[in-house]
Structures are given as C-alpha cells and as structure tokens.
Amino acid sequence: MDRRGLAVFRGSFLVLVTAACVSVQSACEYPAATPPAPAAISPVPAAAPAAPAPAIQLADGTWRVQGTRVPGSRRCGEWLVRLTSAGGQLSGTVSHARNTAIPIQNLVLMPDGTFSGSTPASMSGSRRAPPATVTGQFSGDTVNLTFDSERCPPRQGTATRRALGG
C-alpha cells in the first residue's frame with residue numbers, strides 16, 4: 001500500500017472509530033442526562049370509566065332476624081340480629097340465646113346493598129358468646145342475612161323493615 005492509500009485508510013479508520021465512540025458514549029450515558037422521549041399520542045381516545053352504581057338508600061327502620069336452635073346442639077342456640085337504619089346510618093346488635101345484645105362492630109353497608117360486620121366474644125353471667133360475623137344484603141324493605149358464629153354452622157334468616165317508632 002502506498003502512502004496515499006495509507007493516508008486514506010487511516011482517515012477512514014479515524015472517522016469510523018470516532019463514530020463508534022460517539023454512539024457508544026450516548027448508549028452508556030446515565031439515563032437522567034438524556035432528554036426524555038416525547039410521549040406518544042394515542043389516536044384512539046381512552047374509554048371513560050364506568051359510572052359507579054347509585055348507592056342504596058335505606059329507609060329508616062328496623063329489621064329483626066331471628067333464628068332457632070340447631071337441632072341436637074347444646075352450643076348453637078337461638079339467635080337474634082337487629083339492624084337499624086336511622087338518618088342514613090346503619091347499626092345493629094346480635095343476641096345469642098339469652099345473652100344481652102352485643103353491638104355489631106365495623107358494620108359496613110356497600111353501595112349495592114350488601115353489608116358485613118362482626119361481634120367480639122363476650123360474657124353474660126356465666127355464659128360465653130363466641131365471636132360472630134353478620135353478612136347479608138338489603139333489597140327494598142327486605143334483608144337476607146347470614147349469621148356465622150365460631151362454634152356453629154352459618155345460619156340464614158330474612159326480615160322485613162318496620163318503620164322506626166312503630
């Protein structure tokens with residue numbers, strides 16, 4: 001190779017090495033140092049989220065759901081769940097057999113009319129009431145609920161609203 005060919009080769013080689021260094025340098029830079037790419041614009045507008053279902057409006061009143069003893073069981077006696085709606089607030093109590101009414105804690109009414117709450121274990125005299133959960137659903141003036149206590153199978157009941165004070 002003559003001097004002129006060597007000079008052309010060396011020049012081309014330097015351009016190639018310089019281009020490689022520039023491209024490698026941009027690939028190895030810290031991401032924060034590079035400007036962010038412009039956000040892509042979607043040609044199709046996003047669908048609007050579905051409107052939430054209207055919340056159930058309970059009329060003021062009480063629902064008394066009573067259950068009988070489980071046949072053959074000494075532990076699964078009569079029970080009573082009393083739910084009250086007053087001024088848009090739902091509250092309730094649970095009574096096991098002859099125990100006093102135990103307030104239902106964390107009683108939550110969902111927009112679709114379902115609800116849930118629980119009672120802690122309690123003592124009334126020498127009788128122990130186990131923890132229990134109450135779940136169910138309101139539909140118009142009717143409530144369907146499930147009463148589930150620690151020692152007994154889940155039991156269901158239904159009641160119709162009675163107006164407050166009546």
Side-chain angles (χ1 to χ4, degrees), residues 27-166:
C28 296
E29 283 182 355
Y30 186 71
T34 59
I41 299 174
S42 173
V44 179
I56 189 168
Q57 297 293 321
L58 290 180
D60 287 356
T62 60
W63 294 261
R64 289 175 45 101
V65 183
Q66 293 181 279
T68 59
R69 171 178 300 281
V70 173
S73 172
R74 294 183 65 207
R75 293 184 172 181
C76 302
E78 296 173 345
W79 54 277
L80 168 69
V81 174
R82 180 183 168 113
L83 298 169
T84 302
S85 174
Q89 295 294 318
L90 183 64
S91 61
T93 60
V94 170
S95 299
H96 301 264
R98 292 181 293 254
N99 283 357
T100 58
I102 304 162
I104 300 174
Q105 300 175 349
N106 305 317
L107 187 56
V108 178
L109 176 63
M110 302 303 287
D112 65 355
T114 59
F115 64 92
S116 65
S118 61
T119 61
S122 65
M123 292 292 292
S124 177
S126 63
R127 294 187 179 268
R128 178 183 180 273
T133 59
V134 177
T135 57
Q137 182 159 18
F138 288 98
S139 179
D141 284 342
T142 303
V143 67
N144 294 299
L145 67 79
T146 299
F147 173 69
D148 191 7
S149 64
E150 187 177 82
R151 297 184 219 151
C152 303
R155 295 167 276 172
Q156 285 81 33
T158 302
T160 303
R161 180 184 67 86
R162 292 187 180 202
L164 288 178

note = In terms of heavy-atom contacts, Gln137 and Asp112 come closest through NE2-O, 3.1 Å

Min side-chain heavy-atom separation Leu83-Val65 under 4.5 Å = no

query = Just wondering, do Val94 and Ile104 contact through their side chains at under 4.5 Å, heavy atoms?
reply = yes

note = Nearest heavy-atom approach of Asn106 to Ser118 is ND2-OG, 4.4 Å

request  = Answer yes or no: is there a donor N or O on one side and an acceptor on the other, between the side chain of Asp60 and the main chain of Ala163, under 3.5 Å?
outcome  = no

query = OG/Ser95 to CD/Glu78 distance, rounded to the nearest 0.5 angstrom?
reply = 11.0 Å

task = Apply side chain to side chain contact (heavy atoms under 4.5 Å, CB included) to the pair Gln156 and Asn144, showing each step before the final yes or no.
result = CA-CA 7 Å; Gln156 285 81 33; Asn144 294 299; over 6 Å; no

request  = Not counting sequence neighbours, list each pair that qualifies as a ring pair (Phe, Tyr, Trp, His ring centres under 6.0 Å) and has a residue in residues 100-121.
outcome  = Phe115-Phe138

message = Any heavy-atom pair between the side chains of Pro153 and Cys76 that's under 4.5 Å?
response = yes

message = Using every non-hydrogen atom in the two residues, find where Thr160 and Trp63 come nearest and quote the distance to one decimal.
response = C-CD1, 3.6 Å

request  = Sequence neighbours left out, what passes side chain to side chain contact (heavy atoms under 4.5 Å, CB included) with Ser91? Give chain and number order.
outcome  = Thr84

request  = Calculate, to the nearest 0.5 Å, the distance between atoms CZ and OG1 belonging to Phe147 and Thr135 respectively.
outcome  = 11.0 Å

key: Residues in side chain to side chain contact (heavy atoms under 4.5 Å, CB included) contact with Gln89, at least two apart in sequence or another chain   = none

key: For the student: nearest non-hydrogen atoms of Ala101 and Thr93, plus distance   = CB-CB, 3.8 Å

inquiry  = Restricting to non-hydrogen atoms, name the atom on Ile102 and the atom on Pro120 that form the minimum distance, rounded to 0.1 Å.
reply    = CG2-CD, 4.2 Å

request  = If a pair satisfies salt bridge (Lys or Arg N to Asp or Glu O under 4.0 Å) and one of its residues is in residues 129-139, list it, with sequence neighbours excluded.
outcome  = none

query = Quick one: side-chain hydrogen bond (donor to acceptor under 3.5 Å, both in side chains) partners of Arg155, sequence neighbours excluded?
reply = Ser149

For Ala86 against Leu164, the heavy-atom pair lying closest together = CB-CD1, 3.9 Å

ask   = Which pairs with one or both residues in residues 130-150 pass salt bridge (Lys or Arg N to Asp or Glu O under 4.0 Å), sequence neighbours excluded?
value = Arg128-Glu150, Asp141-Arg161

